[in-house]
Amino acid sequence: MTDIRLTNTRTRKKEPFVPLDPANVRMYLCGPTVYDRAHMGNARPVVVFDVLFRLLRHVYGTDHVTYVRNFTDVDDKINARAAATGRDIRDITEETIAWYHEDMDALGALRPTHEPRATDYIGAMITMIEGLVARGHAYVAEGHVLFDVRSYPDYGRLSGRSVDDMIAGARVEVAPFKRDPMDFVLWKPSDADLPGWDSPWGRGRPGWHIECSAMSHELLGAAFDIHAGGIDLQFPHHENEIAQSCCAHPGSGFARYWLHNEMLQVEGKKMSKSLGNFFTVRDLLDQGIPGEVIRFVYLQTHYRKPMDWTAEKAREAEKTLQKWHYICMTVRPSRSAPTEFLDALADDLNTPQALTLMRKYAKQGNAADLLACGHLVGLLEPSMGLWFDRNDHLKLGEDPRIFEITSVRERARAAGRFDLSDKLRKLLIESGVAVFDHKPTSRAFKEPDALLRYALSGANKAWEAGDKLAAEASVNLLRSAGFQISLDEDGPSAITGFDEVKFDKHYEEHMEKALLEAQRVEETLEPEADDT
RNA sequence: GGCGGGUUGGCGGAGAGGUUACGCAGCGGAUUGCAAAUCCGUGAAGACCGGUUCGAUUCCGGUACCCGCCUCCA
């Protein structure tokens with residue numbers, strides 16, 4: 001069995017991963033507060049811990065891993081959003097959850113086993129808080145219930161700070177009713193305008209932190225294996241979760257391995273609205289950057305290092321994935337990924353190393369392993385590769401006409417009739433098919449870009465040579481294929497748009513013509529074939 | 001002020017106390033009837049100052065700079 005090693009923030013060490021129960025490995029990831037589209041930073045933990053989920057399923061068995069990722073759908077940010085827009089809170093959270101699913105699905109993240117909503121667990125939170133009060137770890141003050149950090153000696157251990165240190169340089173909110181400035185709210189009163197639930201302390205709502213403690217307890221038990229999230233959650237969120245959970249369930253130990261991913265930057269700077277480099281996953285998807293490409297970029301940086309999102313990385317990733325998809329088009333994945341690949345992932349999720357190995361397999365032409373590895377990290381999946389098909393990279397043979405014409409071309413080339421072969425190639429390219437001739441064989445697939453390259457360079461060359469008619473012919477060809485382009489005194493303009501429907505129509509018409517021509521060529525070749 | 005992370009060749013980005021990371025770009029070459037592509041080779045690094053060591057980019061200490069958290073934040 002693959003030995004997984006993970007860096008545990010709690011011990012600051014890379015440790016062998018030993019689950020409490022190999023038949024039910026349990027992990028919890030802090031999910032989003034649902035009031036807005038997920039931004040690029042939100043998506044990083046989702047993707048990297050999705051790889052962990054996949055690895056655990058691979059090692060322990062698909063049915064032996066329970067993965068919980070919550071939705072925090074009660075929070076003052078949501079209330080503020082509702083107040084600002086006049087919308088119903090439930091509308092906002094429902095819509096945001098649907099968006100979240102759309103966007104994370106696009107990134108190839110598997111849905112967790114459970115996606116609990118905080119508002120469905122208010123009762124569990126109240127029970128937990130009652131327990132904390134009963135054990136003397138929490139106290140009621142002015143309608144609030146507060147956690148007493150001094151009652152938990154290990155408070156600060158996860159983040160490596162002591163209560164006294166924190167207070168020293170701190171700008172903590174010193175509410176007069178707090179026994180200690182670091183005490184945090186478990187329950188707070190709601191006025192009539194705010195969402196609220198009846199509780200022993202009056203109508204109110206939970207504070208931040210308690211929802212994760214309650215939900216992880218309900219779904220995973222008092223002790224479970226992995227708790228993950230962004231490093232920014234280390235303090236105070238995770239620290240407070242530990243304090244609550246360990247005090248509510250003494251001796252349980254709560255989560256055993258704490259994993260934290262480093263933060264995301266954009267072009268070397270912190271992502272922020274004021275710098276104008278703030279964007280959501282949806283923004284990138286809408287720009288036409290496929291989710292699979294975004295995922296690849298995430299995986300190319302180790303999760304415990306700061307990651308920089310750049311347009312350049314996306315371009316490189318897209319190129320690599322194009323190549324890989326092409327290589328894998330006709331193969332089935334090998335039964336299991338190579339050991340070295342699993343070892344890379346098992347070594348604290350070394351995804352950059354894993355991708356390097358995939359490059360190696362691609363270079364070796366080892367498509368079966370490449371594909372198997374891809375599936376293990378959520379790449380090259382049929383559902384994710386849709387963008388590849390959407391770009392009309394259809395495999396050889398998928399359109400039987402391309403296959404037929406290509407066969408005729410191969411025979412023509414074998415017979416030394418390059419004139420006939422070239423004629424057919426031209427027809428293919430003008431139809432919108434990319435053609436690559438190799439020694440005896442040839443491959444071809446539908447690809448608008450091939451026509452674009454061919455006609456655009458043709459138009460430019462003709463224009464420079466002063467042949468306006470030829471330039472016009474090339475431009476017209478492009479137009480007929482759905483490319484928006486104009487021709488004026490300065491020559492051909494840049495492409496300003498692409499109409500896919502128009503292209504498909506163009507493709508169909510030209511393909512029929514090319515097929516007829518191929519049949520004619522075949523007749524020409526026939527006698528020679530018989531003579532030989 | 002406290003806590004934590006980072007600093008690798010033109011760019012991205014790993015591992016390993018001593019041996020080529022790898023990818024992109026560059027350069028050189030091969031191959032190809034043409035187009036497109038493909039293939040091979042190759043230079044280049046580890047912020048700075050000390051220490052440990054036969055030997056450190058890799059371990060230890062310090063300095064500088066960058067980033068994050070300490071207040072809602074993935």
Side-chain angles (χ1 to χ4, degrees), chain A residues 7 9 12 29-33 35-36 38-49 69 72 75-78 80 156 158-173 182 184 208 228-239 260-265 268-272 296-297 299-310 312-317 319-320 323 326 343-344 347 350-360 362-363 365 413 416-419 421-422 425-426 428-429 434-439 442-444 447 449-450 453-454 457-458:
Chain A
T7 298
T9 312
R12 313 281 153 108
L29 174 66
C30 289
T33 299
Y35 66 103
D36 206 354
H39 63 242
M40 289 296 289
N42 293 313
R44 166 119 106 138
V46 173
V47 170
V48 301
F49 296 119
R69 185 182 63 208
T72 297
D75 183 276
D76 285 348
K77 282 197 295 287
I78 303 172
L158 177 74
S159 49
R161 34 192 120 186
S162 73
V163 176
D164 292 324
D165 282 348
M166 284 185 272
I167 294 165
R171 296 161 280 172
V172 276
E173 176 202 354
M182 295 311 295
F184 56 91
W208 186 40
I231 186 71
D232 57 326
L233 290 181
Q234 185 186 23
F235 187 90
H237 185 58
H238 289 163
E239 196 72 69
H260 291 103
N261 61 279
E262 255 295 340
M263 310 299 278
L264 179 112
Q265 297 182 305
K269 288 181 182 147
K270 179 184 173 157
M271 187 168 76
S272 78
F296 187 103
V297 173
L299 298 185
Q300 207 158 13
T301 300
H302 187 92
Y303 78 95
R304 284 194 301 104
K305 286 208 172 180
M307 187 199 116
D308 197 13
W309 171 272
T310 65
E312 176 64 22
K313 284 184 180 180
R315 272 193 295 275
E316 276 191 26
K319 257 169 72 178
T320 303
K323 206 186 292 178
Y326 192 84
D343 286 345
D347 181 15
N350 193 339
T351 53
Q353 179 63 21
L355 292 182
T356 292
L357 290 170
M358 286 176 72
R359 285 195 188 90
K360 185 175 90 176
K363 190 165 192 171
R413 288 168 71 222
R417 295 297 306 270
F418 296 117
D419 55 329
S421 160
D422 287 357
R425 180 172 58 202
K426 199 175 165 204
L428 280 172
I429 293 173
V435 179
F436 303 99
D437 285 352
H438 299 292
K439 289 126 208 180
S442 174
R443 39 172 216 188
E447 155 81 314
D449 274 358
R453 277 195 302 269
Y454 164 81
S457 80

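Numbers restart at 1 for each chain; the letters A, B, ... are given by sequence-line order, proteins then strands.
If you take CG of A/Asp343 and P of B/A16, they are 12 Å apart, rounded to a whole angstrom. Spacing between atom CZ of A/Arg425 and atom P of B/A37 amounts to 12 Å, rounded to whole angstrom units. Atom CZ in A/Arg413 sits roughly 13 Å away from atom P in B/A35 (whole-Å rounding). When the C1' atom of B/U7 is taken as reference, atom CD of A/Glu262 falls 13 Å away, rounded to whole Å. Rounded to an integer number of Å, the gap from CG of A/Leu357 to C1' of B/A21 is 10 Å. Between the OH atom of A/Tyr303 and the C1' atom of B/G5 there is a distance of 13 Å, rounded to whole Å. Whole-Å rounding puts the A/Ile429 CD1 to B/A37 C1' distance at 12 Å. Note: CG (A/Asp308) to P (B/G13) measures 7 Å, nearest angstrom.
Closest approach of A/Ala317 to A/Val297, counting heavy atoms only: CB-CG2, 3.8 Å.
Here A/Gln300 lies in heavy-atom contact (under 4.0 Å) with sugar-phosphate atoms only. Note on A/Gly41: a base of the nucleic acid sits closer than 4.0 angstrom, heavy atoms only. A/His302 comes within contact range of the sugar-phosphate backbone alone, with a heavy-atom separation under 4.0 Å but no base atom that close. Among the atoms of the strands shown, base atoms are found under 4.0 Å from some heavy atom of A/Phe418. Backbone-only engagement by A/Arg359 is indicated by non-hydrogen atom pairs under 4.0 Å involving sugar-phosphate atoms exclusively. Residue contacts for A/Arg315: at a heavy-atom cut-off of 4.0 Å it reaches no nucleic acid atom on any strand shown. Among the heavy atoms of the strands lying under 4.0 Å from A/Leu233 are primed sugar atoms or P, OP1, OP2 only; no base atom is included.
Proximity of A/Thr301 to the phosphate of B/G13: a side-chain N or O atom is located under 4.0 Å from OP1 or OP2. Taking only side-chain nitrogens and oxygens, A/Lys360 never comes nearer than 4.0 Å to OP1 or OP2 of B/A21. Contact annotation: A/Lys305 does not reach the phosphate of B/C66 (side-chain N/O to OP1 or OP2, under 4.0 Å). A close approach under 4.0 Å does not occur between any side-chain nitrogen or oxygen of A/Lys319 and OP1 or OP2 of B/G23.
The aromatic rings of A/His260 and A/His238 sit tilted, their planes meeting at an angle between 30° and 60°.
Checking side-chain atoms of A/Gln234 against main-chain N and O of A/Leu158 turns up a donor-acceptor pair under 3.5 Å. A donor-acceptor contact shorter than 3.5 Å is absent between the side chain of A/Lys77 and the backbone of A/Asp36. At distances below 3.5 Å, not a single donor-acceptor pair connects side-chain atoms of A/Ser421 with backbone N or O atoms of A/Arg417.
Going from the P atom of B/A64 to that of B/C48 covers 16 Å, rounded to whole Å. Going from the C1' atom of B/A74 to that of B/G17 covers 36 Å, rounded to whole Å. As rounded to the nearest Å, B/G18 and B/C39 have C1' atoms that lie 34 Å from one another. B/U52 and B/C60 have their P atoms separated by 16 Å, with the value rounded to a whole Å. Remark: the separation of the P atoms in B/G1 and B/C11 is 32 Å, to the nearest Å. The same atom, P, is picked in B/A16 and in B/G12; the two are 22 Å apart, to the nearest Å. Rounded to whole Å, the separation between the P atoms of B/G15 and B/A47 comes to 15 Å.
Heavy-atom distances to RNA chain B give each of A/Thr356 and A/Asp75 a nearest nucleotide, and the one nearer the 5′ end belongs to A/Thr356. Both A/His39 and A/Lys363 lie close to RNA chain B; mapped to their nearest nucleotides by heavy-atom distance, the more 5′-ward contact belongs to A/Lys363.
Picking from B/C67, B/G23, B/A74 the nucleotide with the shortest atom distance to the side chain of A/Gln265 gives B/C67.
Within 6.0 Å of atom CZ in A/Phe235, more than 12 heavy atoms from other residues, nucleotides or ligands are found, so the atom counts as buried in its surroundings.
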